[in-house]
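Residue numbers run from 1 in the order of the sequence given.
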Amino acid sequence: MNKFKLVSPYKPIPDQKKAVESLVSGNKNNINHQVLLGVTGSGKTFTVANVIEKLQKPTLIISHNKTLAAQLYQEFRDFFPENAVSYFVSYYDFYQPEAYIPSTDTYIEKDADINELIDKLRLAATTNLLTRRDTIVVASVSCIYNIGSPRQYGHFVFEIGRGVKIHRRQIIDRLIDLQYERGDFGFHRGTFRVMGDYIDVYPAYQDEAVRIILGNDAIADIEIFDPVSGSLIANHESPPSNFVLYPAKHYITDPSQHEDAFTQIQKDLFEQVKKLKASGKELEAYRLKTRVKFDLDMIKEVGYVKGIENYSRYFDGRAPGEAPYSLLDYFGFPYGNDWLVFVDESHITFPQIRGMYAGDLSRKQTLVDYGFRLPSAYDNRPLKFDEFLRRIPNFIATSATPSEWEISMAQESAKRSNKQKTMSKINIGVVEQLLRPTGIPDPEIEIRPVTGEVKDVIEEIKKVAKKGQRTLVTTLTKKTAEDLSQYLTEQGMKVHYLHSDVATLERSDILDDLRRGNYEALIGVNLLREGLDLPEVALVAILDADKEGFLRSEVSLIQTMGRAARHVEGHVILYADNVTGSMQRAIGEVGRRRAYQIAMNKKLAIVPSSITKPIRERVIAEEEKGTIEKLFRQEVRSFAQLPEIDITSLTPMDKRKLIVRLRREMKITAQDLNFELAAEIRDKIRQIEA
């Protein structure tokens, strides 16, 4: 069994070492809820890595957004190169949930643009959890959403080996049961192809393909090969003795249980139709009956249907109202309570998890009331907060500004542990890590008037850029960020905006480009707040700092100002005409931490020095990106005209993806009143379809 092995040129400084010892001791003494209060740049990630190595337990790390999750994934991949480090975030580049608007009688069909590479990483995460203990999964809050039963997923493995007696037809049927599609003319993840005595399978969760060579109704050999070049990775002289193939999708149903599930679905359909008719909803009753019948016919024929997750309760064997299976169950299924949970930037992540359920329920209620879905759709949902807490054996919350709830949970857990067991040193559940290894103090802060803030920001960005340094500018809205970015670009400056509408994987590329110097500054709203590791940033400018609210609260201001704490010349400019209560408290707390760091630097003879970190490899290599992703590295609406697209070079699948993407962009450009570009996109769609 592989063990976690931390690889790093650095050793924990005394402050980090003390934090590691305290957290490890707390976990071993059943303090199930702990808080690591660490200032920005104090090396919380390195501390977490040391805790994982010492405790040797499978680990889930939850981040509140995909950008930070990608950064953490890269860092832990570097820390643990010999172990399984996985990335689990929502696989939608674009997602429009199914919805109905009664006031306008508008039904919005589910529309999603799935990123196949992220889907691969998600499948790799669950496969790793079921096959090896030395697994770290870095996830966004999507880890609390329904993904199907781990028991079913693990049950449907297909183990093959040399000498196994099996007919070609049996292998094909088994691959179809695992949701692999036959694609003799298009070999990509989640497909297989048949060529004489060869059956090639491209697992949905890895980069290598498997060739099953048959002879005399038995498996004569197994080869691992590169699906692009066709070159062998393991040839006939050194083939794997066996190979375990996992399903291509998380939602897998057991055909032997279909009849029971269908019977229950039809029974619930009868009851719901009866209920709708009794309420005078004849149209809704007819609609529901037709939709469910179509879905059942599709499941019977092909084993899958769009929206099958709305029937997952029946196939999972869950009772009405029972919590769905999520990534947490893929930890709990093989490991029980013997695993770790770290909640990164917990002051944001916990509230996100707490709020997911209510928003989902509101949308589903309307769909059920108007006959679009059975009540079983309610059970395809994110976990409630109490369900989430019951499913995790423990948590270590890491934040520079933990909430009162997190601190109280940690203190209560420590009290219970201290009562149950006499410890050499009383543990209070909250571990502070206030010293930075680099000795960099918190940044100096100055307040400037709002009048002329844009002109002033331009001058400051230029000053910083001349020194080879970078700037972060935060605004209150996405539109303001985009407009300011465009204005600064027109002034000859190299800037870019960054907010939640930017594609998941592109966010990491933009941050890397900032570090390389391709951009002098980034303009953002909320993504430039927590956790970003950008040592080249020396200036943080906060526009409209006196607009009291969520984005200018005490916590938000402390977190945003902390982005300048990784550079020895780091400073912050708050543009405000009034000093709000949040500003006053934030400035006071940052000043306290700055004074503490300076005092400790003198005591320990530490000379502050800026952080130097290499730019890591992309989460997904550039060459892996598909044709469509390369065509649309930016939204179409950011182009003056539609980019040149060589239709003849596209595969049929790429054409279908491109049409979906273009239709969405056509709507966006029309909403922006850019009708000429919308018409150009419409004509391009017609050309592709023809």
Side-chain angles (χ1 to χ4, degrees), residues 1 3-4 19-20 22-36 47-63 72 76 83-86 88 125-126 128-145 147 149-151 154 322-344 346 349-350 352-354 382-399 402 405-421 423 427-431:
M1 181 181 70
K3 289 189 174 183
F4 286 110
V20 170
S22 183
L23 293 172
V24 169
S25 172
N27 184 270
K28 290 182 177 179
N29 285 282
N30 298 319
I31 301 180
N32 294 327
H33 306 132
Q34 300 187 83
V35 170
L36 173 60
T47 298
V48 168
N50 277 274
V51 172
I52 293 172
E53 184 186 42
K54 288 188 179 298
L55 290 175
Q56 291 292 319
K57 294 182 179 182
T59 302
L60 171 63
I61 300 167
I62 307 176
S63 177
L72 288 169
F76 280 100
N83 305 112
V85 180
S86 302
F88 189 98
T126 52
N128 286 337
L129 285 170
L130 296 179
T131 56
R132 53 192 299 181
R133 185 177 171 83
D134 63 322
T135 295
I136 298 171
V137 179
V138 181
S140 65
V141 292
S142 63
C143 66
I144 68 170
Y145 278 80
I147 62 170
S149 167
R151 192 176 299 276
E322 189 176 346
Y325 294 106
S326 67
L327 180 67
L328 307 183
D329 295 288
Y330 283 78
F331 277 91
F333 175 58
Y335 306 118
N337 288 329
D338 194 27
W339 51 289
L340 301 173
V341 178
F342 289 91
V343 183
D344 188 59
S346 52
T349 306
F350 277 129
Q352 274 199 4
I353 295 173
R354 187 181 282 111
L383 296 174
K384 300 176 184 177
F385 192 62
D386 61 322
E387 293 170 340
F388 166 77
L389 291 179
R390 286 199 300 269
R391 276 161 177 72
I392 59 175
N394 53 69
F395 70 69
I396 296 176
T398 68
S399 173
W405 176 83
E406 298 157 45
I407 293 174
S408 65
M409 286 286 286
Q411 291 173 340
E412 286 299 319
S413 184
K415 286 179 183 178
R416 289 193 298 269
S417 174
N418 293 332
K419 287 179 181 179
Q420 294 170 3
K421 185 173 181 179
M423 302 170 65
N427 192 317
I428 62 170
V430 179
V431 179

Report the distance from atom [atom1] of [X] to atom [atom2] of [Y], rounding to the nearest 0.5 Å.
X	Y	atom1	atom2	value
Asn27	Ile396	CG	CD1	6.0 Å
Arg391	Ile144	CZ	CD1	11.0 Å
Phe333	Leu129	CZ	CG	11.5 Å
Tyr145	Ser140	OH	OG	9.5 Å
Ile147	Tyr330	CD1	OH	4.5 Å
Lys3	Arg133	NZ	CZ	10.5 Å

Does any non-hydrogen side-chain atom of [Y] lie less than 4.5 Å from one of [X]?
X	Y	value
Asp344	Val48	no
Thr47	Thr398	no
Gln411	Val35	no
Phe76	Asn83	no

[X] to [Y] - nearest heavy-atom pair and separation:
X	Y	value
Ser326	Cys143	CB-O, 3.3 Å
Asp329	Pro324	OD2-O, 3.9 Å
Asn30	Ser413	O-OG, 4.2 Å
Glu406	Ala397	OE1-CB, 3.8 Å
Ala19	Leu36	CB-CD1, 4.1 Å
Asn394	Leu340	OD1-CA, 3.6 Å

field: Sole candidate of Val343, Ile62, Asn32, Val341 that passes side-chain contact (heavy atoms from CB on, under 4.5 Å) when paired with Ile392
entry: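 For Ile392, the side-chain contact (heavy atoms from CB on, under 4.5 Å) check succeeds only for Val341.
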- request: Quick one: do Phe342 and Val51 satisfy side-chain contact (heavy atoms from CB on, under 4.5 Å)? Show the steps, please.
  value: CA-CA 10 Å; Phe342 289 91; Val51 172; 3.8 Å; yes
message: Any salt bridge linking Lys384 with Asp386? Criterion: basic side-chain nitrogen under 4.0 Å from a carboxylate oxygen.
response: no
Under 3.5 Å side-chain donor-acceptor pair for Asn128 and Ser86: yes
message: Phe350: which residues meet the ring-ring contact (aromatic ring centres under 6.0 Å, His included) condition with it, sequence neighbours left out?
response: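 Result, ring-ring contact (aromatic ring centres under 6.0 Å, His included) vs Phe350: Phe395, Trp405.
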Any residue meeting ring-ring contact (aromatic ring centres under 6.0 Å, His included) with Phe4, in chain and number order, not counting sequence neighbours: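 ring-ring contact (aromatic ring centres under 6.0 Å, His included) check on Phe4 returns Phe80.
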task: Verify side-chain contact (heavy atoms from CB on, under 4.5 Å) between Leu130 and Thr126, making sure each step is shown before the conclusion.
output: CA-CA 6 Å; Leu130 296 179; Thr126 52; 5.6 Å; no
task: Answer yes or no: is there a donor N or O on one side and an acceptor on the other, between the side chain of Ser417 and the main chain of Asn29, under 3.5 Å?
output: yes
Counterpart residues, salt bridge (Lys or Arg N to Asp or Glu O under 4.0 Å), relative to Lys57 (two or more places apart): Asp338
task: Test side-chain contact (heavy atoms from CB on, under 4.5 Å) on Ile61 and Ile136 and set out the steps.
output: CA-CA 7 Å; Ile61 300 167; Ile136 298 171; 3.8 Å; yes
- prompt: More than 12 non-hydrogen atoms from neighbouring residues, nucleotides or ligands closer than 6.0 Å to CZ on Arg151, yes or no?
  reply: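 Open.
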